[in-house]
Amino acid sequence: MIRTRSWEEAVKGRIVRNAPEFQGTRVPLLDSDLEASPGPHAFVIEQKPHFVVGAHFHREYQFQLFSAGGGLLGKHAVQPLTIHYSSPESAYGPIVAGSEGLSYYTLRAMQGVGACYMPESRPQMKLGLNKHQVMSGAVHARAPAALRALTAPAIQPCISASPDGMAGWKLAVPPAATLPARALPGSGARYYFVLGGSLNVDAQALGPGSVAFVCDEADFLIKAGEAGLEVLVLQFPEQALQRH
């Protein structure tokens, strides 16, 4: 399975929300049918300045990529490009937007079924789950000129890997070059988030802010455009494709 969404197309569907639990906008990226065709779920949250999203958990494995603004996730400061990973029912938050608001990508291998807010949802938690959260430092993207001047691929871990296969890398590919996905260890489903340049998938050039979800495609090729490619690769544990 390969699913893609360019930022330019996605942002046309921006939705304004003004509810007690959330104020701001939401940009849908990828949605799937829970029953007929289970698959990825991705969207961008643009949280209103100073608004607080209460502590909660989800039943899916999830990456969050903070892309603009600043604020707090629990007691941890977040800024572009901080990565947060959480396993099912691992509660986090509150998410507090700063004076410029806070934007973040939410990336799941399985369609989500909604947030469970704390502490009222605590009785719904299943016993025996191995809960796990990881947060990265800020990831810095290369300048366009430095990316165009790249002559060999560069791979840098950007989030602490776990024994179950969860991992994340920042990957740079020279202009018009190709790197096999299997050059990165592991076989879990992955999101590719374009930081700079472009990622070519099936004749489509995905620019900055775009995403590709790749699952069970061992021969997938990471193809850079003419300006090169810098991409975040966020890999889920293999069990992320199972509903918990």
Side-chain angles (χ1 to χ4, degrees), residues 2-14 25 27-30 40 42-47 63-71 77-85 98-107 135-160 167-185 190-214 217 220-235:
I2 301 176
R3 297 273 305 276
T4 63
R5 186 71 163 167
S6 72
W7 175 249
E8 292 79 8
E9 285 299 316
V11 76
K12 296 175 184 177
R14 181 181 273 127
T25 61
V27 179
L29 293 172
L30 300 177
F43 52 91
V44 180
I45 289 295
E46 297 167 323
Q47 192 168 318
F63 283 101
Q64 288 173 302
L65 174 64
F66 294 86
S67 55
V78 291
Q79 61 179 306
L81 295 153
T82 305
I83 303 166
H84 175 248
Y85 167 81
S99 59
E100 297 180 356
L102 182 62
S103 298
Y104 43 99
Y105 284 67
T106 297
L107 307 171
M135 181 171 287
S136 78
V139 176
H140 301 287
R142 284 174 168 79
L147 185 57
R148 288 193 297 269
L150 200 67
T151 58
I155 302 172
Q156 176 185 345
C158 61
I159 191 167
S160 298
W169 304 271
K170 184 174 73 166
L171 171 65
V173 183
T178 297
L179 185 71
R182 60 181 177 272
L184 299 172
R190 294 172 176 172
Y191 274 95
Y192 293 80
F193 173 84
V194 181
L195 292 171
S198 62
L199 171 65
N200 293 341
V201 182
D202 295 334
Q204 182 183 19
L206 300 172
S210 303
V211 297
F213 175 81
V214 180
E217 299 287 341
F220 180 69
L221 297 177
I222 304 166
K223 300 178 180 179
E226 295 300 321
L229 168 66
E230 190 165 40
V231 63
L232 284 178
V233 185
L234 302 175
Q235 179 173 278

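Throughout, numbering of the chain's residues begins at 1 and tracks the sequence. Keep in mind that what you see is a predicted model, and the values were worked out from it rather than measured.
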Note to self: In this structure, is the centre-to-centre distance between the rings of Phe63 and Tyr191 below 6.0 Å?
What the structure shows: no

Next item on the list: Answer yes or no: is there a side-chain heavy-atom contact under 4.5 Å between Gln64 and Leu107?
Entry: no

Margin query: Restricting to non-hydrogen atoms, name the atom on Leu29 and the atom on Ala10 that form the minimum distance, rounded to 0.1 Å.
Written below: CD2-CB, 3.4 Å

Check: Hey, are the side chains of Ile159 and Tyr85 touching, using non-hydrogen atoms and a 4.5 Å cut-off?
Finding: yes

Item checked: Where Gly69 and Pro80 come nearest, the two heavy atoms and their spacing -> O-CD, 3.2 Å

Note to self: Please find the pair of heavy atoms, one from Pro174 and one from Thr151, that lie closest to each other, and give the distance.
What the structure shows: CG-C, 3.6 Å

Checklist line | Side-chain donor-acceptor contact under 3.5 Å, Gln204 with Thr4 | finding: yes

Checklist line | Beyond-backbone contact of Leu234 with Phe193, side-chain heavy atoms, under 4.5 angstrom | finding: no

Next item on the list: Could you verify whether a donor N or O on one side chain and an acceptor N or O on the other, from Gln47 and Tyr104, lie under 3.5 Å apart?
Entry: yes

Item checked: Which residues share a side chain to side chain donor-acceptor pair (under 3.5 Å) with Thr25, sequence neighbours left out -> Glu46

Next item on the list: Give a yes or no on whether the backbone of Ile83 and the side-chain of Ser136 come within a donor-acceptor separation of less than 3.5 Å.
Entry: yes

Note to self: More than 12 heavy atoms of other residues, nucleotides or ligands under 6.0 Å from CD of Glu226: yes or no?
What the structure shows: no

Next item on the list: Please check if atom CZ in Arg182 has more than 12 non-hydrogen atoms from other residues, nucleotides or ligands closer than 6.0 Å.
Entry: no

Notebook entry, point to check: Taking side chain as C-beta onward, heavy atoms only, is Val201 less than 4.5 Å from Phe220?
Noted result: yes

Checklist line | Between CG on residue Asn200 and OG1 on residue Thr178, distance to nearest 0.5 Å | finding: 8.5 Å

Notebook entry, point to check: Can you check whether Ala181's main-chain N or O pairs, donor with acceptor, with Arg190's side chain at less than 3.5 Å?
Noted result: yes

Notebook entry, point to check: Around atom CD of Glu100, are there more than 12 heavy atoms of other residues, nucleotides or ligands at under 6.0 Å?
Noted result: no

Notebook entry, point to check: With a 4.5 Å limit on heavy-atom distance, are the side chains of Val214 and Tyr192 in contact?
Noted result: yes

Margin query: Within the 4.5 Å heavy-atom criterion, are Ile222 and Leu171 side-chain neighbours or not?
Written below: yes

